[in-house]
Amino acid sequence: MSMDNVAHALGISKKTRYTHFQTKDELVLESVAHLLQRTQLKMSIFFELSDGHNVPFKRVNQIYRVGLKELRNLSPTFLFGLKK
């Protein structure tokens, strides 16, 4: 996927895209950072609200559950774009 494809898919101009991301690597790094932040937020909410938040097994189990769910939700196109 080229950066031109990204701009087209988002319905923005190339110029607008360059105001946010100068390179494809920058876009990928920001995308992965966003994914990790979203995953961390979901886990933090669970740990704050859960009765078993102090039980190590339950914490590890939740980390795996949220992590695997996030990985399943990744688009094959996104993963393919990372490879390129």
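Treat the numbers as computed from the prediction; the structure is a model and nothing was measured. One-based numbering along the sequence shown.
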Q | Separation between CD of Q37 and NZ of K42, rounded to the nearest 0.5 Å | A |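 Output value for this atom pair is 13.0 Å.
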Q: Find the distance between NZ (K24) and CG (N5) and round it off to the nearest 0.5 Å.
A: 8.5 Å
Q. With T16, which residues qualify under side chain to side chain contact (heavy atoms under 4.5 Å, CB included), at least two apart?
A.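 Only I12, S13, T19, H20 meet the side chain to side chain contact (heavy atoms under 4.5 Å, CB included) criterion with T16.
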Q: Return the set of residues passing side chain to side chain contact (heavy atoms under 4.5 Å, CB included) with E26 (not counting sequence neighbours), or none when no residue passes.
A: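 Side chain to side chain contact (heavy atoms under 4.5 Å, CB included) list for E26, sorted by chain: F21, Q22, T23.
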Q.
According to salt bridge (Lys or Arg N to Asp or Glu O under 4.0 Å), who are the partners of K69, at least two apart in sequence or on a separate chain?
A. none
**Q.** Qualifying residues under salt bridge (Lys or Arg N to Asp or Glu O under 4.0 Å), relative to R65, sequence neighbours excluded
**A.**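 Once residues adjacent in sequence are excluded, R65 has no partner under the salt bridge (Lys or Arg N to Asp or Glu O under 4.0 Å) criterion.
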Q. Are the side chains of L27 and S31 in touch, meaning some heavy atoms are under 4.5 Å apart?
A.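 Yes, side chains in contact.
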Q: Sequence neighbours left out, what passes side chain to side chain donor-acceptor pair (under 3.5 Å) with K14? Give chain and number order.
A: none
(Q) Would a single hydrophobic cluster contain both L36 and V28, if residues Ile, Leu, Val, Met, Phe, Trp and Tyr are joined by side-chain heavy-atom contacts under 4.5 Å? (A) yes
Q: Could you identify which residues cluster with Y64, counting Ile, Leu, Val, Met, Phe, Trp and Tyr as linked when any side-chain heavy atoms lie under 4.5 Å apart, either directly or through a chain of such contacts?
A: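 Y64 shares its hydrophobic cluster with V60.
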